[in-house]
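Residue numbers begin at 1 in each chain, while the letters A, B, ... track the order of the sequences. FYI, side chains are in, hydrogens and waters are out, and symmetry mates aren't considered; it's all heavy atoms of this structure.
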Amino acid sequence: MLDEFLNQFLPSTVGGLVVGSIYALVALGYTMVYGVLRLINFAHSEIFMIGTFTSLVVITAIAPASPLTGFALFGVMLLLILLSAAISGGAAMLLEVVAYRPLRKKGATRLTALISAIGASLFLQELFALVVIPWLTGKAGRNQQSSPRLVDRDTVFTIGNAAVRTDHIIVVVAAVVMMVALDRLVNRTRIGRGIRATAQDPEAAVLMGVSIDNIVRVTFLLGGAMAGVAGALYLMEFENTVYNVGFVLGIKAFTAAVLGGIGNLRGALVGGVVLGLIENWGAIFLGSEWKDVIAFTVLVVVLMFRPTGILGESLQKARA
Amino acid sequence: MSTPVLQLDNVTMRFGGVVALREAKISINPGEIFALIGPNGAGKTTVFNVVTGVYQPTEGQVLFNGTRIDGTKRFKITKLGIARTFQNIRLFHNMSALENVMVGADSHHKTGAIGATLNLPWHRKEEKRGRELARELLDFVGIPGRMTETAKNLPYGDQRRLEIARALATDPKLLLLDEPAAGMNPAEKEALQALIRKIRDSGRTVLLIEHDMSLVMGVSDRVAVLDFGQLIAEGLPHEVQTNPRVIEAYLGVSEDAS
């Protein structure tokens, strides 16, 4: 058993980092919206799904005859990421205007907004299954859609017995770049100060000239864009998607956000990576069908000892 | 006579059956330090909330430099040039002092999300200007050494000063101070008086709510007294001080005494 674990440890670690990066990117959206509005945006998982389909459409349109390399690969990846970020970010803003803003204006309770979020989530899934996916792909909306291979599974280097492939590197590097950019934006710019001020005291922020509507809009845009990037990376890595691809992944990302400390951007990163690693390590012992059980057991255990999550501190408390 | 900076024109504010403010008429001239006093629950903070757009008056109008502002969005009122501090300090507790002030300065900046993300030159210039302004203001209110400290770690008196600096960063023509001396020791109160005068001398108008009578009498040009939502007196500090109705309201010599 131990032998097997040691044998599988490094490959599992690589796999865990890759999937953890994707969790982390999606988790950022949950955590930002929660920080500003105290709302769990359950439809965020569908924003991720929209990102995967945007990428699917782009890859299919480009239709590479063989996997790409070098500058062509870089260019196409950049295009995928930018387009998915733009479409997902736009969709998230639209979602806010349609599903949340009217409730906020009328002073609805948080529970009402939560129900609206669940409704929006199911609505988007069904809309894609029944209308959008058949229209985009010409195939049945509830089937798995697979994507052409974009990146070769070449080993770039090895660590012990773990092969680190091109696609692994793309996922991790892209995720890190996005997260660093977001962190800088939140901690060093006017928009970020507005977001943090609103998270700490919305009333005082308004009276200092911060427009809450603008801040909420930007928050959804940024969170959505991160989910879009995650969607692009997911499709490149796993090469398939489906109308409810966001469901389990969304819950995992939400778990990652809570695990790291909801409302905390760096917590989302830590939570995503920790969750990805633990479920992959645990799978060595129990088999990969136990991944989800392991993930959620860890969540419950961590929260018993640290109810505010690993980093605990929230967006309100993020320092410059 | 020039246009008043702020004019409350028969403003009534009702919450259900409760009348928090009854046909209030206040007119504040440019460059004045105007104090609003009265017993607890007299409606002073309601005046602030009506002026800053938190409440919409049930009746009457609020005019700022001759333009109606009741019904205007709150953040826009700030941009027009009205800023305030809070009775119970409401800083962004986990930001540094400098950042708190920068949030105020940001109200006049224009870069959007894209400019900020890409850190375009225009955004960088605004950031630099905001930081410089914030430094100057911390210096102006007398806490230049506190720049990098987290707001919640500042001593109480400094937090009050920081709130004033943050409000000044929005470049207000009218500054509303809600009990700025609360919790201050005599030395701090004296420094606060000097600061309020300095703010006026820098070309701003100040509307002050305060319980501390020595401060009010020492610094105000004019004083208005509210009692049960009604203005019962207005005038020079010493006139108000000797007004029998004011004394009655404060000492509670009527059947309302309890």
Side-chain angles (χ1 to χ4, degrees), chain A residues 32 35 82 85-86 89-90 92-93 105 177-178 180-226 263-264 312-320, chain B residues 48-49 51-54 73-86 88-96 98-120 123-124 126-127 130-131 148 150-152 163 166-167 169-172 176:
Chain A
M32 287 182 76
L82 289 180
M93 281 201 320
K105 294 286 173 204
V177 167
M178 293 313 292
V180 169
L182 184 70
D183 196 73
R184 280 187 61 103
L185 180 74
V186 169
N187 282 319
R188 304 240 181 112
T189 70
R190 167 181 119 85
I191 304 281
R193 267 193 303 279
I195 291 174
R196 284 181 293 139
T198 307
Q200 290 181 30
D201 189 339
E203 288 287 302
V206 167
L207 290 168
M208 291 307 128
V210 176
S211 158
I212 301 279
D213 283 350
N214 269 340
I215 290 299
V216 170
R217 201 177 295 134
V218 170
T219 303
F220 272 84
L221 171 69
L222 292 173
M226 292 293 147
N264 179 336
E313 176 187 318
S314 56
L315 188 67
Q316 294 97 288
K317 297 182 185 168
R319 289 155 298 109
Chain B
F48 271 27
N49 284 336
V51 173
T52 52
V54 177
K73 282 190 175 167
R74 286 180 290 172
F75 78 96
K76 285 195 179 137
I77 291 180
T78 307
K79 285 182 207 261
L80 285 175
I82 300 180
R84 70 171 291 181
T85 65
F86 297 87
N88 44 345
I89 299 172
R90 293 181 75 166
L91 290 165
F92 305 121
H93 292 289
N94 295 299
M95 290 192 200
S96 70
L98 193 76
E99 275 194 302
N100 265 278
V101 184
M102 284 179 80
V103 172
D106 283 337
S107 66
H108 295 290
H109 291 166
K110 289 174 190 67
T111 352
I114 294 172
T117 316
L118 301 179
N119 200 12
L120 297 179
H123 174 258
R124 238 177 299 164
E126 276 188 352
E127 283 289 296
R131 217 171 2 251
T148 53
T150 308
K152 66 176 170 198
E163 252 205 335
R166 183 180 67 173
T170 66
D171 194 18
L176 313 182

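- Note that the CZ atom of B/Phe86 and the CG atom of A/Leu207 stand 4.5 Å from one another [nearest 0.5 Å].
- Only the side chain of B/Lys73 comes within contact range of chain A, judged by heavy atoms closer than 4.5 Å.
- Under a 3.5 Å cut-off, the side chain of B/Glu99 and the backbone N or O of A/Arg193 do not form any donor-acceptor pair.
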Where do A/Asp201 and B/Phe92 land on the side chain to side chain contact (heavy atoms under 4.5 Å, CB included) test, with the steps shown first? CA-CA 7 Å; A/Asp201 189 339; B/Phe92 305 121; 4.2 Å; yes
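- What you find for B/Arg74 and A/Val206 is that their closest heavy atoms are CB-CG1, 3.2 Å.
- Side-chain contact check for B/Val103 versus A/Val210: some heavy-atom pair is nearer than 4.5 Å.
- Between B/Arg90 and A/Ala204 the shortest heavy-atom distance is O-CB, 3.6 Å.
- Here the shortest heavy-atom pairing between B/Ser107 and A/Met208 reads CB-O, 3.5 Å.
- Comparing A/Arg188, A/Glu203, A/Arg184 by how many heavy-atom pairs each has under 4.5 Å with chain B, the most go to A/Glu203.
- Looking at B/Thr170, the atoms closer than 4.5 Å to chain A (heavy atoms on both sides) all sit in the side chain, from C-beta outward.
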